[in-house]
Amino acid sequence: MAKGMESCILHPKGCPGTGNEDSVAVEFARGLQDVPVGHKVSFIMQHPCRRHAPKRPWKARMLRKIQICLCFCFVSGILYEISLLSSCVFNYLPMSQHYLTPEQVLNLGKSIIFLETTERLEPPPLVSCSVESAARIYQDRAIILFMKGLTNETALDLNTSYAAFSLLSSMKNVFIFPLQMETVFQETPLLQWYNQVDPEQEKNWVHISSDASRLALIWKYGGIYMDTDVISIRPIPERSFLAAQKSRFSSNGIFGFPAHHKFIWDCMEDFVLRYNGNIWGNQGPFLMTRMLKTLCNLTDFEGTEDHSCQNISFLNPQRFYPIPYPAWSRYYQVWDKSPSFNHSYALHLWNFMNHNRKAVVAGSNTLAEQLYKAYCPTTYEDLIQNAKQRDSTGSEDAV
């Protein structure tokens, strides 16, 4: 070979499995002897000759194929279940260890949470409308109604006992769970308070226990909390937000935060530190307002602008309270021209103010009836229209 040229020797060890390894190795050594000193040698290491490689036993190959098939089926099953949850193809299932638990659903994140802290088991039409409207607006999220009066045992019979319960249970992304406060308050500042307080001595216990529960649930799992008299009309685009009831004053009827947000933790600590159950709202809207004031310099709203401070959006009253609480009864009146609510994400109907228990009546043409028709049509049809027809039929039969 000429000096400076490369010598190329292929596979110095021959083809394994062919029986010619030794002879090829000898030829390889001889070839090296023929190469002049200082000559550059490149080795091209070829893959062993596959056509001569011994084949695996038939049973081993078949076992391998079965293992691959089983692994594929297992992974496919997991991915299918995840896709069902992520696309919100949910089904409410009676409470049992064989079905989804509250933690499993809440851990999906971004849930919409409602609370019923009385003992009643039949959700009234307004509660049903609130939950249904949220389920329609937030179809990619789990909508969860926690009920204090519900237990694991009673859940099995409620679908046949209560029309509203059956209606809500049939919605694919609605879950109804018992509200177990001691479990909810675990690993929060509220647990010690809960173990010491005497509910029988608290005149506002229904509201106070709700105020505490919503803080703990949003702290642990994140998402949006809504009162059960809030009708959703379009998605809320914010992730960390409080709702202004009026300028410089926050509501706690609607708010949203990611899990483990410091603001919510601070609210829970303040809840315990400044607890006074005799003052209505002290653990609710007044708590939210005083905690927000520690972070932000609150000013009056102008137009429909929102405020923002410390990465928390303080949303304009028009977003949820276009009709303020002194005018709450206007929801149950007939309007010459219905408002558009173009700047609102949801509407708070101020059920706390509804002492005379005004209700939606089929054919009344009130603003509330129009909202039911538009945003919770199943509730309207089943609990308002059909109820009126049943009452009329019952009256005729009595005559």
Colleague: Check this for me, if you would: do Lys148 and Glu116 make a salt bridge, where the nitrogen-to-carboxylate-oxygen distance has to be below 4.0 angstrom?
Modeller: no
Colleague: Less than 6.0 angstrom separating the ring centers of Tyr321 and His348, yes or no?
Modeller: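 Yes, the ring of Tyr321 comes within the 6.0 Å limit of the ring of His348, centre to centre.
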Colleague: Got a second to check how far Tyr162's OH is from Ser166's OG, nearest 0.5 Å?
Modeller: 13.0 Å
Colleague: When you compare the side chains of Thr294 and Arg290, does any donor N or O come within less than 3.5 Å of an acceptor on the partner?
Modeller: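 There is no such pair (donor and acceptor under 3.5 Å, judged by atom type) between the side chains of Thr294 and Arg290.
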Colleague: How long is the gap from CD1 on Ile208 to CG on Asn278, to the nearest 0.5 Å?
Modeller: 8.0 Å
Colleague: Under 4.5 Å between side-chain heavy atoms, counting indirect links through other Ile/Leu/Val/Met/Phe/Trp/Tyr residues: same cluster for Ile312 and Phe301 or not?
Modeller: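 Yes: a chain of side-chain contacts under 4.5 Å links Ile312 to Phe301.
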Colleague: When clusters are formed by joining ILVMFWY residues with side-chain heavy atoms under 4.5 Å apart, either directly or through shared neighbours, do Leu367 and Met353 land in the same one?
Modeller: yes
Colleague: Can you tell me if CD on Glu302 sees more than 12 non-hydrogen neighbours from other groups inside 6.0 Å?
Modeller: no
Colleague: Apply side chain to side chain contact (heavy atoms under 4.5 Å, CB included) to Tyr225 and Leu217, showing your working.
Modeller: CA-CA 9 Å; Tyr225 167 80; Leu217 286 167; over 6 Å; no
Colleague: Asn107 side chain to Glu103 main-chain N or O, any donor-acceptor pair under 3.5 Å?
Modeller: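 Confirmed, Asn107 side chain pairs with Glu103 backbone.
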Colleague: Applying side chain to side chain contact (heavy atoms under 4.5 Å, CB included) to Trp219 and Thr188, what does each step give before you reach the verdict?
Modeller: CA-CA 9 Å; Trp219 157 256; Thr188 76; 4.0 Å; yes
Colleague: Under 3.5 Å, side chain of Ser130 to main-chain N/O of Thr228, donor-acceptor pair present?
Modeller: yes
Colleague: Looking only at non-hydrogen atoms, find the nearest pair between Lys220 and Val184 and report the distance.
Modeller: NZ-O, 3.0 Å
Colleague: Do Ile323 and Trp328 have side chains that approach each other closer than 4.5 Å (heavy atoms only, starting at C-beta)?
Modeller: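 Of all side-chain heavy-atom pairs linking Trp328 with Ile323, none is under 4.5 Å.
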Colleague: Do Tyr221 and Leu100 share a hydrophobic cluster (ILVMFWY, side-chain heavy atoms under 4.5 Å, transitive)?
Modeller: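 Tyr221 and Leu100: one cluster.
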Colleague: Side chains of Phe341 and Ile233: does their closest heavy-atom pair fall under 4.5 Å?
Modeller: yes
Colleague: Any chance you could measure Tyr345, atom OH, to Ser232, atom OG, to the nearest 0.5 Å?
Modeller: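 Atom-to-atom, Tyr345:OH and Ser232:OG are 13.0 Å apart.
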Colleague: Testing the basics here: between Gly363 and Tyr380, what is the closest heavy-atom pair and its distance to 0.1 Å?
Modeller: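 Between these two residues, the closest heavy atoms are N-OH, 3.9 Å.
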Colleague: Angle between ring planes, Phe185 versus Trp193, binned at 30° and 60°: parallel, tilted or perpendicular?
Modeller: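 Rings of Phe185 and Trp193: perpendicular, over 60°.
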Colleague: Run the side chain to side chain donor-acceptor pair (under 3.5 Å) check on Thr378 and Arg136 step by step: do they pass?
Modeller: CA-CA 11 Å; Thr378 305; Arg136 291 177 178 274; 2.9 Å; yes
Colleague: According to a 4.5 Å side-chain heavy-atom criterion applied to Ile, Leu, Val, Met, Phe, Trp and Tyr, with indirect links allowed, do Tyr332 and Leu371 form part of one hydrophobic cluster?
Modeller: yes
Colleague: Are the side chain of Gln104 and the backbone N or O of Thr101 linked by a donor-acceptor pair below 3.5 Å?
Modeller: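 Present.
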Colleague: Taking the side chain as C-beta and beyond, is there a heavy-atom pair between Tyr325 and Phe352 under 4.5 Å?
Modeller: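 Tyr325 does not reach Phe352 side chain to side chain.
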Colleague: Can you tell me if Asn351 uses its side chain to pair, donor with acceptor, with the backbone of Asp229 under 3.5 Å?
Modeller: no
Colleague: Start with the C-alpha gap between Thr366 and Tyr331, add the side-chain angles, then the distance that decides, and say whether side chain to side chain contact (heavy atoms under 4.5 Å, CB included) holds.
Modeller: CA-CA 7 Å; Thr366 61; Tyr331 280 112; over 6 Å; no
Colleague: Would Gln318 and Thr304 count as having a side-chain donor-acceptor pair, cut-off 3.5 Å?
Modeller: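 Note: Gln318 and Thr304 side chains miss the donor-acceptor criterion.
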Colleague: Roughly how far, to the nearest 0.5 Å, is OG of Ser364 from CD of Gln370?
Modeller: 9.0 Å
Colleague: Look at the side-chain heavy atoms of Ile, Leu, Val, Met, Phe, Trp and Tyr, link any pair under 4.5 Å apart, and say whether Phe263 and Val272 land in one connected group.
Modeller: yes
Colleague: Got a sec: does the CD of Glu187 have more than 12 other heavy atoms crowding it under 6.0 Å?
Modeller: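 Counting neighbours around CD of Glu187, 12 or fewer heavy atoms of other residues, nucleotides or ligands fall under 6.0 Å, so no.
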Colleague: Output the distance between atom CE (Met291) and atom CZ (Phe271), rounded to the nearest 0.5 Å.
Modeller: 13.0 Å
Colleague: Please report the C-alpha distance between Leu215 and Met288 in whole Å, then the side-chain angles of each, then the deciding distance to 0.1 Å, and finally whether the side chain to side chain contact (heavy atoms under 4.5 Å, CB included) criterion is met.
Modeller: CA-CA 10 Å; Leu215 288 173; Met288 290 294 202; 3.9 Å; yes
Colleague: Is any side-chain heavy atom of Val230 less than 4.5 Å from a side-chain heavy atom of Leu349?
Modeller: no
Colleague: Out of curiosity, Phe257 CZ to Asn311 CG, how far, rounded to the nearest 0.5 Å?
Modeller: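 That separation rounds to 10.5 Å.
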Colleague: Side-chain contact, heavy-atom cut-off 4.5 Å: Cys267 with Leu287?
Modeller: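 Cys267 vs Leu287: side chains touch.
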Colleague: Between the side chains of Asp227 and Arg214, is the shortest nitrogen-to-carboxylate-oxygen separation below 4.0 Å, so that they form an ion pair?
Modeller: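 Judged by the 4.0 Å cut-off on N to carboxylate O distance, Arg214 and Asp227 do form a salt bridge.
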Colleague: Hey, are Ser128 and Thr379 close enough side-chain-wise for a donor-acceptor pair under 3.5 Å?
Modeller: yes
